[in-house]
Amino acid sequence: MTILIADSGSTKTDWRVLTQGQNAYQLITNGLNPYYQDTDAISETLTTQLLPHLSAIDIQAVYFYGAGCANPESNAVVERALRRVFPNLTTAEVDSDMLGAARGACGHEPGIVCILGTGANACCYNGQQITRGIQSLGFWLGDEGSGGYLGKTLVRDYFQNRLPETLSADFSARYPQLDRATLLDYAYKKSFPNRYFAGFTPFLSEHINDPYANRLVIDAFTLFLTTYVVRFPESAQWPVSFVGSVAYHFSAQLQQAVESVGCTMGKVLQSPGDGLVSYHR
């Protein structure tokens, strides 16, 4: 029996191909998010980016954990695409990326689990299911601490002349074509503004020893923790684990923020994929 396990954010989808008695292997496609894409668009990505690597394999089950998969209507958009591309499926389960992060980080143990990637979210997990969460309001109304939020804050400070002089000069040299009109076009007219703004986070990573960059990241993480995590009564007892590229690459700043709000640090994973393979195996 061969199954696919997917962890999908707005930027990329991490696929694990698991066949009984064999080691799982990884494939990467673009992100699949039913909030931004319909069944046809998702099917197109699956057909062009994933299917060519699986043409000789009979996929019988897919466990898909994705951003935007937060209600039956959105989940059905993804499930229809999966069944269209893999017509022999006996199982097609679509759940939130939050549940995928929880199962990947905690397995069958309870804990608080957070996603800090292009977007951001947090939940309490009892070892099987999510028991408590705070509704994420997405890029424009929430996502504090995410890559999108960090990039948005950096770019805003640059255009409002709040960056230190040296850092501002480095930013101008790194993005010489960026002007106000381009910025607003990506922010309000083009698809996936969260992806666009998250694309500025490598600049923060490269300049993390600058006091401004370091403080921006710590403050963003602290805001995330105080907005979501410390409001859970369980935060006084359960460790707090993190999944996502932003958490992984800024783990030192994240550690400082977690300690500053009085929580206990758990795992920090770039991706829940390996943990999900163990969970489903």
Side-chain angles (χ1 to χ4, degrees), residues 3-10 12-18 23-24 26 61-70 75 91 93-136 142-147 221-222 224-281:
I3 68 173
L4 288 177
I5 303 167
D7 168 52
S8 186
S10 295
K12 71 174 184 178
T13 304
D14 177 2
W15 298 88
R16 304 299 171 105
V17 185
L18 179 59
N23 292 329
Q26 182 184 44
V62 178
Y63 299 92
F64 186 97
Y65 301 94
C69 299
N75 295 0
T91 300
E93 292 188 8
V94 180
D95 287 295
S96 68
D97 57 344
M98 193 74 257
L99 182 60
R103 289 177 171 175
C106 295
H108 296 284
E109 299 296 324
I112 294 174
V113 181
C114 308
I115 292 175
L116 286 175
T118 303
N121 211 337
C123 75
C124 292
Y125 172 72
N126 67 1
Q128 294 182 334
Q129 297 292 334
I130 292 172
T131 58
R132 193 194 304 271
I134 296 175
Q135 186 68 40
S136 172
D143 277 357
E144 297 86 348
S146 69
F221 289 159
T222 303
F224 169 80
L225 292 165
T226 55
T227 301
Y228 302 99
V229 175
V230 299
R231 295 174 60 189
F232 297 138
E234 293 87 346
S235 66
Q237 299 175 335
W238 289 359
V240 185
S241 294
F242 297 86
V243 174
S245 57
V246 170
Y248 183 80
H249 289 294
F250 295 102
S251 58
Q253 290 71 35
L254 186 57
Q255 177 79 46
Q256 292 184 53
V258 168
E259 292 175 355
S260 74
V261 300
C263 291
T264 300
M265 193 74 160
K267 296 179 181 178
V268 180
L269 305 176
Q270 186 169 11
S271 166
D274 290 341
L276 286 171
V277 168
S278 297
Y279 183 90
H280 285 285
R281 191 184 290 278

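Any value given below was found using the heavy atoms of this structure, including those in side chains, with hydrogens, waters and symmetry copies removed.
Evaluation of the side chain to side chain donor-acceptor pair (under 3.5 Å) rule for Ser8 yields Thr13 as partners, not counting sequence neighbours. Partners of Ala61 under the side chain to side chain contact (heavy atoms under 4.5 Å, CB included) rule, at least two apart in sequence or in another chain, are Met1, Ile3, Tyr63, Thr91. For Gln256, there are no side chain to side chain donor-acceptor pair (under 3.5 Å) partners at least two apart in sequence or on another chain.
Between Pro239 and Gly266, the shortest heavy-atom distance links the atoms CB-CA, 4.1 Å. Residue Ala257 comes nearest to Thr222 through the heavy atom pair CB-OG1, 3.6 Å, listed as atom of the first residue, atom of the second, then distance. Heavy atoms only, all atoms of each residue included: Tyr228 and Asp143 are closest at OH-N, 4.0 Å.
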Side-chain polar contacts of residues 241-252 - donor-acceptor pairs under 3.5 angstrom, sequence neighbours left out - could you list them?
from: Ser241; atom 1: OG; to: Lys267; atom 2: N; distance (Å): 3.0

Distance-only check: which donor-acceptor pairs under 3.5 Å involve side-chain atoms of residues 105-123, not counting sequence neighbours?
from: Thr118; atom 1: OG1; to: Thr11; atom 2: OG1; distance (Å): 2.8

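Pairs engaging residues 229-239 under the side chain to side chain donor-acceptor pair (under 3.5 Å) rule: Arg132-Glu234 [sequence neighbours left out].
Here the CZ-SG distance, from Phe232 to Cys263, works out to 10.5 Å after rounding to the nearest 0.5 Å. Between the OG atom in Ser271 and the CG atom in Asp7 there is a gap of 5.0 Å [rounded to 0.5 Å]. The structure places SG of Cys69 at 7.5 Å from CG of Asp97, a figure rounded to the nearest 0.5 Å. The line from CD of Gln26 to CD1 of Ile5 is 12.0 Å long, rounded to the nearest 0.5 Å. In this structure, the separation between OH on Tyr65 and CD on Glu93 is 7.0 Å, given to the nearest 0.5 Å. Distance check, rounded to the nearest 0.5 Å: CZ of Arg103 to OH of Tyr125 gives 5.5 Å.
Under the 4.0 Å criterion applied to side-chain N and carboxylate O atoms, Asp14 and Lys12 are not assigned as salt-bridge partners.
A 4.5 Å side-chain heavy-atom check between Ile130 and Met98 finds at least one atom pair inside the cut-off.
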Original post:
Can you list the steps and then say if Val240 with Thr264 is a side chain to side chain contact (heavy atoms under 4.5 Å, CB included)?
Top reply: CA-CA 6 Å; Val240 185; Thr264 300; over 6 Å; no
Original post:
Which is it for Val268 and Gln255 under the side chain to side chain contact (heavy atoms under 4.5 Å, CB included) test, yes or no, and what are the steps along the way?
Top reply: CA-CA 10 Å; Val268 180; Gln255 177 79 46; over 6 Å; no
